[in-house]
Structure formats: C-alpha cells, structure tokens
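All remarks here apply to the structure that follows.
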Amino acid sequence: MAAERPEHPKIVVTRRLTPGVEARMGQLFRTEFNAEDAPYERARMAGAMARADVLVPTVTDDIDAMLIDAAGPQLKLIANFGAGVDHIDLKAARRRGIIVTNTPGVLTEDTADMAMALILAVPRRLFEGERLARAGGWRGWSPCGMLGHRITGKTLGIVGMGRIGQAVARRARAFGLSVRYHNRHRLPQIVEQELKAQYEPDLDAMLGRIDFLTINCPHTPQTHHLLDARRLALLGPQSYLINTARGEIVDETALIATLEAGGIAGAGLDVFEHEPAIDPRLAALDNVVVLPHMGSATYEAREAMGTKVIANIRAWIDGHRPPDQVLEGWI
Ligand code: 8YV
C-alpha cells in the first residue's frame, strides 16, 4: 500500500485554478500547474498522465480509455475539479485501479440560481429587451411592447432530482411554480412534501404536463440524448427548455429543428453538445438564451471546489478513502 501512495506525490493540474486554490495546493503538494490555462492537447495530456501520481482535470479534458490505458502505472487518483465526470472514462479508470473523485455539493446553489435565472429570462425576454435597449432601439413604452409569458401559476418539470434539482425546486416554489419531477428513484415522502414536488415515473407523460423543463441530471450513457426529437415534440409549442447540466443530454440537432419549427417556445442553454462550439443557428434565435457554461462560475464555488479537490487528495495520501470518490452508480 505504501508504495502506491508516495509521501510526496506529483500532482498535475490541467487548468488555472483561482489564486487562493493554487496557493494552497502549491503549499501542500508537489504541484505542477498549467500557466497557460488552455486545455492540454492530447499529447500533452498523455505526457501529464505519464508522470502524475494525481491528475486534477476539469470538464474541458477528455480523459478517454486510450489515455487512461496509456497512463503511467503511478497514476492512482484523478481528482476532478467539478461535479460532472462524464469526460472521464470511469470504466477504464476502474480497470486500471485509478480512483476518481469529484466536487459535489459546493456548486449546487450557484447552478440552481443559473437555472432559475434562465427560467425567468427566457419567457420574460430579458436578453432580447436588454439587446434592444443597449442598441438604442427602444422607442418608448407601449402596451404591446416586449410581451412575454408569466411564470407564476405555471408548472415546472425537473429531470434529475438530486441536489441541484432540489435546489431549483425550492426556488421555483418561491416564484409560484408547481413542481413535477422525473428521477431514477422517487424521493422520500418527507422531501417531496417539503418541496411540494410531484413524482412523475414516466418522463414522456411529464413532458405533456409542464410549461418549463429544466435538466439537472448527470450525463451518463442512460441520459445521452434523453431529450430527442420525439420527446421535444411532447413538450409542445408553449413550453420552454432550460439546460444547465450537460449539452449531450439533449439532441442538439433535434433541438434546433424543433426551435426553428416553433415546436417549443424557447430555450435557455448554459451547456452545449460540442462545447465550446455553440451552433450559430441557436445563437440566431431571439427566443434562445445562450451562455458560456457559467452555472457554477462564482468565486465562492471555485474556492470550495478547490477545497474539495485538496481534501480528496489529502485523504488519499493519508491512505483513507477520499470523501468524494465516484462510486459504481455513475457507470
Ligand atoms: C464546472 C460543471 O464549472 O461541475 C460541473 O460538473 O459542469 C461546471 O459547473 C466544471 O465542470 C468544472 O470542471
């Protein structure tokens, strides 16, 4: 065991983290940072995985099976800076005996805020209005100017009722929305009561009953393209789609076709299927808000994510099970 955990392991961090986090990591560990803050190209990533005992990647690193299989035997921990781990081939890591950890819980409220902001922004045409006003195109108030749709009294459907989904439900209640949710498992009754959320075991049935859909589940093989052309059609022309989870959960080509045909009323997207590419057809639509994957982008979240990464590495160095080890359920 001791041979597997060197006393001073080499930690390789693939992106710039906040100054406070980098300073603490630098003090605590033998850490190599990426001064350029550009994602490593494949060859550089392979090099990093050939020398690191611990790799600290982010969502912009595609750690696939080939890279994991080619990693040096000393690589024992991938301490991801982020909650989602769909960019890491977990099966390949498990085969190689590499532990994967993430940073859950500390970006919940910020990501839920962003989902709620989009739930408000799209039907109330916030960004359209801002663009109009900023461009000097506003000719004064008029009874029919910038009409959007009311939030209060409508129904929100949440796909994925984990921490973030529940945090969105709490916010939604305060805005007068009824909440329905679809999740792999039904929540305990006491939680459902607290959130006043109604369980929908059948996703298709839920889609026909809601005015807003917010996606808050992880991206896994089971949720890939969960929202395809058929399901988007079930939403109907009055409904809005909000995605702050992962772009790949929605079939983006089908979403564009649906939006262009008026099959849904609009979309608020913080994530995309081929990040950082944003399909220009999405950006061209007035009823679509596009954001650059900034749901958890607060100073507070980034500091707390760094603290989690450090705690996971420390626990591993000390021979303990890291607190945020990603377990089988993800695979
Ligand atoms: C993070 C996210 O900023 O944590 C996640 O899963 O999607 C983002 O909010 C990003 O993943 C950092 O790696």
Side-chain angles (χ1 to χ4, degrees), residues 11-18 20-22 25 33-34 37-40 45 48 54-64 67 77-90 93 100-118 159-168 214-220 223-224 226 242-250 252 268-278 290-313 322-327 329-331:
I11 320 290
V12 176
V13 181
T14 66
R15 298 296 300 268
R16 287 313 303 247
L17 306 180
T18 56
V21 172
E22 287 197 349
M25 289 190 75
F33 296 105
N34 175 5
D37 192 35
Y40 283 160
M45 180 61 81
V54 178
L55 184 74
V56 180
T58 75
V59 68
T60 56
D61 300 310
D62 188 9
I63 316 282
D64 60 24
L67 278 170
L77 174 64
I78 298 178
N80 187 52
F81 185 87
V85 286
D86 55 326
H87 54 293
I88 303 169
D89 191 318
L90 297 176
V100 177
T101 61
N102 66 346
T103 62
V106 292
L107 32 77
T108 304
E109 304 301 328
D110 298 316
T111 309
D113 282 344
M114 194 57 82
M116 197 63 225
L118 287 169
V159 173
M161 202 59 151
R163 291 183 184 85
I164 298 173
Q166 292 181 36
V168 174
T214 171
I215 299 176
N216 300 108
C217 60
H219 173 226
T220 65
T223 64
H224 188 82
L226 187 68
I242 307 299
N243 191 2
T244 54
R246 282 292 181 270
E248 295 91 333
I249 299 167
V250 180
E252 202 165 280
L269 308 170
D270 186 42
V271 288
F272 303 88
E273 199 169 347
H274 307 289
E275 290 182 19
I278 298 180
V290 291
L291 296 176
H293 197 148
M294 55 193 272
S296 68
T298 66
Y299 291 103
E300 292 85 348
R302 295 290 182 256
E303 286 296 311
M305 288 160 74
T307 301
K308 283 224 155 223
V309 167
I310 290 168
N312 284 316
I313 298 173
D324 304 308
Q325 181 167 351
V326 176
L327 298 171
W330 277 87
I331 303 181

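For ligands, and for the atoms within them, numbers begin at 1 and follow the listed sequence. Along the sequence shown, residues carry numbers from 1. The figures here come from the full heavy-atom set of this structure, side chains too, leaving out hydrogens, waters and symmetry mates.
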Under 4.0 Å, heavy atoms only, figure out whether ligand 1 is touched by the backbone of Leu107, its side chain, both or neither. side chain

Looking only at side chains, do Asp86 and His224 share a donor and an acceptor under 3.5 Å apart? no

With a cut-off of 4.0 Å, which atoms of ligand 1 are near a heavy atom of [X]?
X	result
Gly84	4 (O), 5 (C), 6 (O)
His293	2 (C), 7 (O), 8 (C), 9 (O)
Thr58	13 (O)
Phe81	12 (C), 13 (O)

Side-chain contact test, heavy atoms from C-beta onward, threshold under 4.5 Å: evaluate it for Arg15 versus Pro39 and give yes or no. yes

Student check: side-chain heavy atoms of Arg163 and Glu109 closer than 4.5 Å: no

Backbone of Asn102 reached by a side-chain donor or acceptor of Asn80 within 3.5 Å: no

Thr223 side chain vs Leu226 backbone, donor-acceptor pair below 3.5 Å: no

How far is [atom] from its nearest protein heavy atom, and which residue and atom is that?
atom	value
atom 1 (C) of ligand 1	Ser296 OG, 3.5 Å
atom 7 (O) of ligand 1	Arg246 NH1, 2.7 Å
atom 4 (O) of ligand 1	Ala83 N, 2.7 Å
atom 11 (O) of ligand 1	Val59 CB, 3.4 Å

Can you see which heavy atom on Ile215 is nearest to which on Val250, and at what distance? CD1-CG2, 3.4 Å

So which atom in Ile242 and which in Ala115 form the shortest heavy-atom distance, rounded to 0.1 Å? CG2-O, 3.9 Å

Less than 4.0 Å is my threshold; does some heavy atom of Met294 fall inside it relative to ligand 1? no

Could an N or O of ligand 1 be found under 3.5 Å from any N or O of Arg302, whether backbone or side chain? yes

Only one of Asp110, Thr103, Thr18 clears side-chain contact (heavy atoms from CB on, under 4.5 Å) with Arg302; which? Thr18

